[in-house]
Amino acid sequence: MPKNLVIVESPAKAKTIQQYLGDDFMVESSFGHIVDLPKKGMGIEIENKFKPLYEVSADKKEVVKKLKELTKKAETVWLASDEDREGEAISWHLYNVLDLKKKETHRIVFNEITKKAIQKAVENPRSIDENLVDAQQARRVLDRLVGFEVSPILWKKIKPGLSAGRVQSVAVRLIVEREKEIQGFKPVSSFRFTAQFLTKENKGLKAILTKEFSTFEEAKKFIESCTNAEFKVKDLQKKPAKRSASAPFTTSTLQQEASLKLGYPVSRTMRVAQQLYEAGHITYMRTDSVNLSQDAIAAAEKTIQREFGNKYSSPRNYTNKNKSAQEAHEAIRPTNFDVKSAGGDDSQHRLYDLIWKRAIASQMANADLERTIIDIENSNNSEIFQSRGEIIIFDGFLKVYQDTITDDDAEDDKAILPDVSKNEKLKADEIFGTEKFTKSPPRYTEASLVKKLEELGIGRPSTYAPTISTIQNREYVIVGSLDGEQRKLQTLKLKKDKITEKVETETFGADKRKLIPTDIGIVVNDFLVDYFKNILDYDFTAKVEESFDAIAEGKEQWTEMIDGFYGKFHKNVETVQETAERATGERELGIDPKSGKPVSARIGRFGPMIQIGNSEDEEKPRFASLLSTQSIHNISLEEALQLFDLPKNLGLYKNETVEINVGRFGPYVKFQEKFISVPKGEDIMEISLERAIELIDEKMKADAPIASYDGLEVTKGKGRFGPFIKWNEMFINVNKKYDFDNLSNKDIEELIQDKLKKESEKVVQNWESEGIRIEKARWGRHNLIQGKLKIELAKEVDVMKMTVDVAKKLIEAKKPAKKAAGSKKPVAKKTTKKK
DNA sequence: CAGTGAGCGAGCTTCCGCTTGACTT
């Protein structure tokens with residue numbers, strides 16, 4: 001047993017460091033935070049100077065147990081969690097929970113994982129920085145207070161189960177306000193002209209008129225004046241220019257570029273990056289630093305010199321513009337620059353390629369360019385056509401990596417221009433003018449929202465992806481696409497001295513995979529902005545971060561800082577609780593022609609809905625839910641009334657009724673006690689009997705057994721976790737190794753036998769005659785199973801010592817209780833599971 | 001698991017940050 005125990009946060013990191021430190025050291029991991037506030041309840045003694053009631057997190061009990069045993073045996077413990085606020089707190093919690101007080105304990109830090117850096121860290125141990133720990137406590141307590149005092153207000157005033165928080169609520173606000181900007185945007189049109197010239201060598205030269213006209217009349221006057229005009233080069237300017245590479249990736253820039261270049265949602269980027277990290281291909285993927293280690297810079301230099309030659313190499317380090325960065329890690333880069341391609345699948349390959357190129361490019365020379373501007377005048381008016389071009393004289397870093405251009409106008413500047421000389425006469429082949437409308441600001445994508453949050457200093461690299469998921473799981477926003485609308489454009493063309501006017505149409509407002517707020521998102525946001533302005537302020541995080549910094553520097557007490565915030569905040573919470581009206585986003589749609597009663601749309605306990613009549617009426621009001629494609633602010637009276645036609649009887653198929661309706665899981669067709677989901681995007685009001693029968697037949701075909709095994713049917717399907725076959729009530733995942741569309745009998749046998757083997761390995765106790773068994777479950781727990789009944793056993797239960805009588809009692813105790821609960825109320829929605 | 005919506009009241013939901021890995025339909 002080595003004398004030294006080193007504890008870091010990540011197991012992959014532990015593995016690497018173990019190699020650098022050798023046999024005298026044992027390197028273990030804490031898997032992040034081991035201690036937190038309790039999951040349920042506030043967990044803060046507010047009256048007692050906000051004392052946090054920490055406890056070891058449920059999923060870290062095992063880790064703590066293991067670390068405790070190891071610390072007992074070690075002589076010296078080295079706490080090597082990350083060098084930032086959270087990392088310092090992790091060390092502090094380890095110190096307390098592992099009871100290291102009496103042991104020799106050192107705190108060490110390093111922000112790059114190289115042999116040199118680690119040895120240096122070991123030579124320069126320090127003690128735990130209590131001020132930094134206090135800053136973390138303030139951060140944690142503030143977030144808990146805000147989240148757990150504001151969320152319940154939303155449950156009461158809007159809808160149960162909603163949430164608010166320092167980060168998520170601002171993220172939603174950005175999206176809602178952008179959407180309002182877009183909805184309120186009034187496009188202004190102007191007329192812009194382009195001309196296609198021919199040089200004396202008959203080469204094409206495209207140019208844009210520097211002036212725009214605001215009316216069609218002015219535009220027309222201009223093009224008329226161009227008839228028979230003579231054009232010539234008025235001015236020709238050539239200027240050298242430079243372009244330099246971007247810094248290597250941080251979490252946020254990786255998410256943006258992977259979104260733009262590869263089309264990955266942020267969750268996918270992070271999942272794939274994690275895989276590359278665990279395989280040892282890249283450095284840590286949750287970082288806000290653009291820094292590269294000296295070793296990495298030297299290695300990149302070597303690779304670049306060998307691959308591209310000396311003149312392409314330009315070693316450098318980058319500095320972070322982001323004030324809130326904590327820089328506990330390096331930038332994201334390949335661990336070995338000589339490995340040009342890595343990864344276990346295509347997704348990983350493509351992401352690795354991006355990371356390799358970006359990191360390599362960051363160490364390459366600037367590109368040298370020549371920018372050319374050609375001004376063209378004409379004999380008939382004073383307007384100037386201008387042509388801009390750019391040629392690359394030395395490509396430098398552009399050889400491997402180009403930032404994605406998001407501004408579509410920038411394209412024109414890239415053209416390579418033909419040679420012309422000053423005063424050269426040009427022939428205007430065609431002059432074309434078109435009406436152009438100003439564009440509203442763009443909707444956020446997942447990645448551009450992360451970029452914005454980072455700019456505002458809100459959230460951390462480890463939370464960007466989870467935050468994006470949270471606001472979607474809460475159904476505040478969706479990632480959606482819009483078709484757009486048509487509009488007319490006036491155009492003018494001058495060719496061969498003839499002017500033609502034409503009206504063209506263009507599509508505008510179309511959008512793909514953008515963040516769009518839902519009715520609930522809008523109502524919740526407006527409520528929060530009304531009543532909790534302070535917390536919803538875009539600068540709130542920045543302001544509290546200043547206080548956290550003051551605490552970290554020992555200039556302020558954390559409890560005093562929280563006290564200063566909480567007084568006002570809590571009073572406001574109470575006032576809002578007592579005085580705020582219920583927020584429903586209600587909108588009157590009109591009068592129901594059948595009953596003469598008013599029809600309105602609003603948010604109800606189960607989401608957006610339509611109501612006909614009032615609750616004071618003698619007759620009870622009628623209700624219907626909105627479809628997921630509809631929204632309160634634009635549903636028409638007609639569409640609203642249609643919803644009351646459901647459930648709709650479509651007719652008969654095989655002498656049985658076919659019904660269409662909407663349930664908890666969306667629209668469905670019901671036939672023979674079977675529920676068949678209607679594919680997304682289909683308008684259920686338009687579904688005919690024929691279409692329903694199509695869906696039924698498809699479903700029957702998909703559900704038809706593909707084989708039988710041991711006398712029982714085998715069926716197949718695709719679920720949340722990919723393709724599976726089902727046999728004997730068991731779901732068996734079919735991995736990529738198999739051709740799912742053409743499974744042979746042998747494949748099926750193999751899959752079932754493998755599954756049976758795995759299942760039997762899980763069983764730790766089996767009373768076959770009683771039909772009761774105990775199986776291993778996740779997080780080191782066990783399940784007691786009888787038929788379809790499954791009881792999760794507490795972790796403390798020693799399953800090997802359990803008798804069949806105890807098991808029976810547990811089952812008896814569970815059975816009636818479950819039934820009663822089940823009949824009273826449907827089980828809470830479980831579809832929004834976080835992980 | 002394929003509604004519901006009043007009002008009563010039980011008992012539930014909820015935050016942000018640090019980290020994986022066994023598991024689900």
Side-chain angles (χ1 to χ4, degrees), chain A residues 8-13 29-37 39-43 57 59-60 63 81-82 84-87 89-90 93 136 139-155 159-169 274 278 286 328 458-463 466-467 470 474 541 602-607 609-611 615-616 620-625 647 659 661-668 670 673-677 717-722 724 726 730-733 776-780 821-822 824-833 835:
Chain A
V8 297
E9 289 181 38
S10 138
K13 208 166 161 181
S29 141
S30 76
F31 294 83
H33 274 295
I34 54 160
V35 161
D36 193 11
L37 297 173
K39 252 179 83 103
K40 281 177 192 168
M42 187 59 80
S57 315
D59 56 335
K60 296 295 162 55
V63 178
S81 49
D82 293 348
D84 58 17
R85 206 158 64 202
E86 299 296 328
I90 289 173
H93 288 309
Q136 192 274 345
R139 199 280 304 155
R140 183 66 191 92
V141 167
L142 178 97
D143 282 339
R144 171 59 65 97
L145 288 170
V146 169
F148 276 36
E149 290 211 4
V150 178
S151 298
I153 292 188
L154 298 180
W155 307 341
K159 179 171 137 33
L162 298 175
S163 65
R166 175 177 57 83
V167 172
Q168 59 168 287
S169 296
Q274 175 92 31
E278 280 168 17
R286 291 186 278 264
I458 299 171
R460 304 278 315 129
S462 65
T463 60
T467 299
T470 299
R474 295 269 172 275
T541 291
R602 65 178 168 93
I603 293 188
R605 230 170 81 62
F606 305 102
M609 59 180 266
I610 302 292
Q611 178 171 347
S615 48
E616 302 92 62
K620 266 183 88 178
R622 299 173 67 206
F623 303 102
S625 285
E659 213 181 68
N661 200 6
V662 179
R664 287 226 291 129
F665 311 120
Y668 64 92
K670 195 175 172 193
E673 299 307 305
K674 275 200 167 182
F675 297 95
I676 303 150
S677 289
K718 275 179 191 169
R720 270 203 291 154
F721 312 107
F724 64 86
K726 196 177 169 192
M730 269 193 287
F731 291 93
I732 306 166
N733 285 331
K776 277 191 206 162
R778 55 193 172 148
W779 321 123
K824 233 182 187 172
K825 205 187 123 188
V827 183
K829 216 157 123 179
K830 267 266 160 76
T831 46
T832 54
K833 247 176 44 175
K835 286 177 186 175

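Throughout, a chain's letter reflects where its sequence line sits, starting with A, and its residues are numbered from 1.
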Please list, for nucleotides 6-8 of chain B, all pairs of protein and nucleotide N/O atoms separated by less than 3.5 Å.
none

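- Nucleic acid contact for Arg85(A): none, since no nucleic acid atom lies under 4.0 Å from a heavy atom of the residue.
- Judged by centroid separation below 5.5 Å and plane tilt below 30°, Phe31(A) does not stack onto the base of dC18(B).
- Looking at heavy-atom distances under 4.0 Å, Glu149(A) makes no contact with the nucleic acid at all.
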**Item:** Intra- and inter-strand pairs of DNA chain B in dot-bracket (Watson-Crick or G-U wobble, both distances under 3.5 Å; | for another strand)
**Value:** .........................
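- Nucleic acid contact class of Val167(A) (heavy atoms, under 4.0 Å, all strands): sugar-phosphate only.
- Without hydrogens or angle criteria, Ser151(A) side chain to Ala164(A) main chain gives a donor-acceptor distance under 3.5 Å.
- Ser29(A) contributes a side-chain N or O that, together with a main-chain N or O of Glu9(A), makes up a donor-acceptor pair within less than 3.5 Å.
- Rounded to whole Å, the distance from CD on Gln168(A) to P on dC16(B) is 4 Å.
- Side-chain N/O atoms of Thr463(A) include none lying less than 4.0 angstrom from OP1 or OP2 on dC16(B).
- Phosphate contact (OP1/OP2 of dG3(B), side-chain N/O of Arg622(A), threshold under 4.0 Å): absent.
- Regarding Ile153(A), its CD1 atom lies at a distance of 15 Å from the P atom of dC15(B), rounded to whole Å.
- Minimum atom distance to the side chain of Met609(A) is reached by dG5(B), of the listed dC18(B), dG5(B), dT20(B).
- Counting non-hydrogen atoms under 4.0 angstrom, Ser151(A) reaches a base of the nucleic acid.
- With respect to Lys13(A) and Asp82(A), a salt bridge is recorded, a charged nitrogen being found less than 4.0 Å from a carboxylate O.
- Close to dT19(B), at under 4.0 Å from its OP1 or OP2, lies a side-chain N or O of Arg286(A).
- Not one N or O on the side chain of Ser57(A) forms a donor-acceptor pair closer than 3.5 Å with the backbone of Asp59(A).
- If you take NE2 of His33(A) and C1' of dG17(B), they are 5 Å apart, rounded to a whole angstrom.
- OP1 and OP2 of dT19(B) both lie 4.0 Å or more from every side-chain N or O belonging to Ser10(A).
- In this structure, of dT19(B), dG17(B), dG3(B), it is dT19(B) that holds the atom nearest to the side chain of Glu9(A).
- Here the side chain of Thr463(A) pairs no donor or acceptor atom with the backbone of Gly459(A) at under 3.5 angstrom.
- At a threshold of 4.0 angstrom between heavy atoms, the contacts of Gly87(A) with the nucleic acid are absent.
- A distance of 4.0 Å separates NE2 in His33(A) from CD in Glu86(A), rounded to the nearest 0.5 Å.
- Going from atom CD1 of Ile676(A) over to atom P of dA2(B) covers 16 Å, rounded to whole Å.
- If you take CG of Asp36(A) and C1' of dG17(B), they are 8 Å apart, rounded to a whole angstrom.
- Between Ser169(A) atom OG and Arg474(A) atom CZ the span is 10.5 Å, to the nearest 0.5 Å.
- Taking the P atoms as reference points, dA22(B) lies 34 Å from dA2(B), given to the whole Å.
- Distance check on atom P: dC1(B) versus dG21(B) gives 33 Å, rounded to whole Å.
- Distances shorter than 4.0 Å separate some side-chain N or O of Gln274(A) from OP1 or OP2 on dT20(B).
- Per the stacking criterion (ring centres < 5.5 Å, plane angle < 30°), Phe148(A) stacks onto the base of dT14(B).
- Residues Glu278(A) and Gly161(A) both approach DNA chain B. Their nearest nucleotides, taken by heavy-atom distance, put Gly161(A) toward the 5′ side.
- The main-chain N or O of Met42(A) is found under 3.5 Å from a side-chain atom of Arg144(A) such that the two form a donor-acceptor pair.
- Between the OG1 atom in Thr541(A) and the CG atom in Asp143(A) there is a gap of 8.0 Å [rounded to 0.5 Å].
- Counting non-hydrogen atoms under 4.0 angstrom, Leu142(A) reaches nothing in the nucleic acid.
- For Ile610(A) and dG3(B), the CD1 to C1' distance is 17 Å, given to the nearest whole Å.
- Residue contacts shown for Arg144(A) include a base, since a base heavy atom lies under 4.0 Å away.
- Candidate nucleotides dC18(B), dT13(B), dT14(B) were compared by shortest atom distance to the side chain of Arg474(A), and dT14(B) ranks first.
- Across all strands, Ala164(A) comes closer than 4.0 Å only to sugar-phosphate atoms, never to a base (heavy-atom distances).
- Residue Gly607(A) is in base contact, counting any heavy-atom pair closer than 4.0 Å across all strands shown.
- Rounded to whole Å, atom C1' of dT14(B) lies 12 Å from atom NZ of Lys40(A).
- If you check every strand for non-hydrogen atoms under 4.0 Å, Thr467(A) touches nothing.
- As judged by a 4.0 angstrom heavy-atom cut-off over every strand, Gln136(A) is placed among residues making no nucleic acid contact.
- Contact annotation: the side chain of Gln611(A) never approaches that of Arg622(A) to less than 4.5 Å [non-hydrogen atoms, C-beta and beyond].
- Residues Leu37(A) and Arg140(A) are in side-chain contact: their nearest non-hydrogen atoms beyond the backbone lie under 4.5 Å apart.
- Between Phe31(A) and Pro11(A), the shortest heavy-atom distance links the atoms CE2-CG, 3.7 Å.
- For Arg139(A), the listed nucleotide lying nearest its side chain is dG17(B); candidates were dT14(B), dG5(B), dG17(B).
- Evaluation of atom-type donor-acceptor distances gives no pair under 3.5 Å for the side chain of Arg460(A) against the base of dC16(B).
- Gly32(A) comes within 4.0 angstrom of a base, heavy atoms only.
- When rounded to the nearest whole Å, the span between NZ of Lys39(A) and C1' of dC12(B) equals 13 Å.
- Judged by closest nucleotide on DNA chain B, Leu145(A) is the one of Leu145(A) and Pro11(A) placed further toward the 5' end.
- One finds no salt bridge joining Asp36(A) and Lys60(A) here, because no Lys/Arg side-chain nitrogen approaches an Asp/Glu carboxylate oxygen to under 4.0 Å.
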